[in-house]
> 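Before anything else, here's the structure in question.
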Amino acid sequence: MTQPVRHFLDLWRLERGDLRAILDDARARKAARAGWPKGMADADRPADGRTLAMIFEKHSTRTRFSFDAAMRQLGGSTIISNAGDMQIGRGEPIEDTARVLSRMVDAVMIRANVHEDVERFALSSAVPVINGLTDRSHPCQIMADLLTFEEHRGSVEGRTFAWVGDGNNVCASLIHAAPKLGFRLNIASPAIYHPDLLDLARAAEQQGQIMTTEDPREAVRGADCVITDTWVSMGDTDHDERLDTLEPYQVDEVLMDEAHADALFMHCLPAHRGEEVSDAVIDGPQSVIFDEAENRLHAQKSILAWCFGKIG
Ligand code: CP
Ligand code: NVA
């Protein structure tokens with residue numbers, strides 16, 4: 001019997017055991033190549049002979065470079081294109097694009113404006129499809145964040161994460177992960193930029209321990225990790241209104257003092273110092289933002305290995 005194609009679209013769709021296997025593989029794989037040149041392939045070359053296509057409808061630095069480096073370290077290769085250079089940019093159906101690329105590559109990573117487009121792509125794809133960020137979620141980022149937390153502080157299970165600011169796509173993937181991996185999540189956002197209610201309802205069904213509030217101090221109190229993100233995501237048009245409304249949600253040293261004394265600070269980057277986070281916090285001793293950025297590479301190698309059926 002043929003196995004179903006392993007798409008990596010959203011964390012709420014995945015089994016807890018698969019998420020655990022990805023995080024554990026990432027940690028082991030990173031340790032096994034400590035000090036090696038970055039272009040050298042891992043000893044087991046789990047993507048040997050495989051090609052990943054990457055399609056970008058939005059800007060990217062970390063996702064673009066980390067997936068490319070990831071495939072090289074796994075022994076595979078990549079083909080990268082901006083969507084605007086492809087025929088989908090001129091209206092070719094996304095389903096036809098998926099069927100064509102399925103004949104040419106072994107997996108596809110897409111960064112898309114509209115989440116449903118990634119889901120439609122996956123429905124027509126014969127090879128694994130990975131969500132590299134949409135308007136609704138950013139699962140690869142949260143896998144890197146969880147890997148980073150566990151490197152510094154041990155298992156996320158039973159720990160408390162606080163999200164402060166816009167209840168956006170990155171926040172959504174954190175909500176998706178919380179019930180799967182057993183951490184508590186406190187979210188502080190103004191009502192107008194509240195996290196998605198469907199995400200919260202689904203997490204509640206999965207026994208997620210998630211608290212929402214408009215008060216950042218309440219969310220951060222006693223947290224083991226404080227996370228924020230830009231107040232204006234790619235595609236947002238209400239720039240000035242967002243900056244005004246979200247101003248009380250800046251993560252600064254006073255707010256960090258409410259968290260656990262050894263709390264970590266995370267941000268997926270790119271950051272806007274002086275807006276969602278103060279310079280003192282993002283460049284201070286609790287910040288692990290560059291470990292987080294590096295761990296995009298390590299987490300995604302294991303996401304790819306999972307998609308190729310090598311783990312989990
Ligand atoms: N964090 C993140 O996804 O960064 P890029 O937009 O640079 O890919
Ligand atoms: N929320 C941000 C994340 C960027 C990595 C955005 O969607 O633009």
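One-based numbering, in listed order, for ligands and for the atoms of each. Every heavy atom of this structure was used, including side-chain atoms; hydrogens, water molecules and symmetry mates were not.
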> So is L269 close enough to ligand 2, meaning a heavy atom under 4.0 angstrom away?
yes
> For atom 4 (C) of ligand 2, find the nearest protein heavy atom and state the residue, atom name and distance (0.1 Å precision).
L133 CD1, 3.9 Å
> Tell me the closest heavy-atom pair linking S278 and D252, and the distance in Å.
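Result for this residue pair: OG-CA, 3.6 Å.
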> Verify the neighbour count for atom CD of E247: are there more than 12 heavy atoms of other residues, nucleotides or ligands below 6.0 Å?
no
> I need the nearest protein heavy-atom contact for atom 7 (O) of ligand 2: residue, atom name and distance, please.
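That would be N169 ND2, 2.8 Å.
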> May I ask you to establish whether R64 and F56 are in a cation-pi arrangement, using a distance under 6.0 Å from NZ or CZ to the six-membered ring centre and at most 45° from the ring axis?
yes
> Which residue and non-hydrogen atom of the protein lie closest to atom 4 (O) of ligand 1, and at what distance in Å?
R62 NE, 2.9 Å
> Specify whether F161 and F149 have parallel, tilted or perpendicular ring planes, treating 30° as the upper limit for parallel and 60° as the lower limit for perpendicular.
tilted
> Can the ring centroids of Y249 and Y193 be said to lie less than 6.0 angstrom from one another?
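No, they do not, as the ring centres are separated by 6.0 Å or more.
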> Please state which protein non-hydrogen atom is closest to atom 2 (C) of ligand 1 and give its distance, to 0.1 Å?
R296 NH1, 3.2 Å
> I'd like to know if D224 pairs up with R159 as an ion pair, taking the criterion as any Lys NZ or Arg NE/NH1/NH2 lying under 4.0 Å from an Asp or Glu carboxylate oxygen.
yes
> I'd like to know if R120 and E95 make a salt bridge, using a cut-off of under 4.0 Å between side-chain N and carboxylate O.
yes
> Just need the protein heavy atom nearest to atom 3 (C) of ligand 2, so name the residue and atom and give the distance.
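Looking only at protein heavy atoms, the one closest to atom 3 (C) of ligand 2 is D229 OD2, 3.6 Å.
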> Which part of L269 is near ligand 1, with near meaning a heavy atom under 4.0 Å away: side chain, backbone, both or neither?
backbone
> Is R242 paired with E275 through a side-chain N to carboxylate O contact shorter than 4.0 Å?
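Salt bridge absent between E275 and R242.
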> By number and element, which atoms of ligand 1 are closer than 4.0 Å to a non-hydrogen atom of C268?
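Atoms satisfying the 4.0 Å criterion: 1 (N).
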> When you look for heavy atoms under 4.0 Å from ligand 2, do you find them on the side chain of D166, its backbone, both, or neither?
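The answer is neither.
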> Under a 4.0 angstrom heavy-atom cut-off, which atoms of ligand 1 come close to T61?
5 (P), 7 (O), 8 (O)
> Run the numbers for me: atoms of ligand 2, each under 4.0 Å from some heavy atom of S233, listed by number.
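Answer, ordered by atom number: 1 (N), 2 (C), 6 (C), 7 (O), 8 (O).
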> Salt bridge check: are R136 and E119 linked by an N-O gap of less than 4.0 Å?
no
> Have a look at Q141, R111, H138 and point out the one with the heavy atom closest to atom 6 (O) of ligand 1.
R111
> Looking only at protein heavy atoms, identify the closest one to atom 8 (O) of ligand 2 and say how far it is in Å.
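Answer for atom 8 (O) of ligand 2: M234 N, 2.8 Å.
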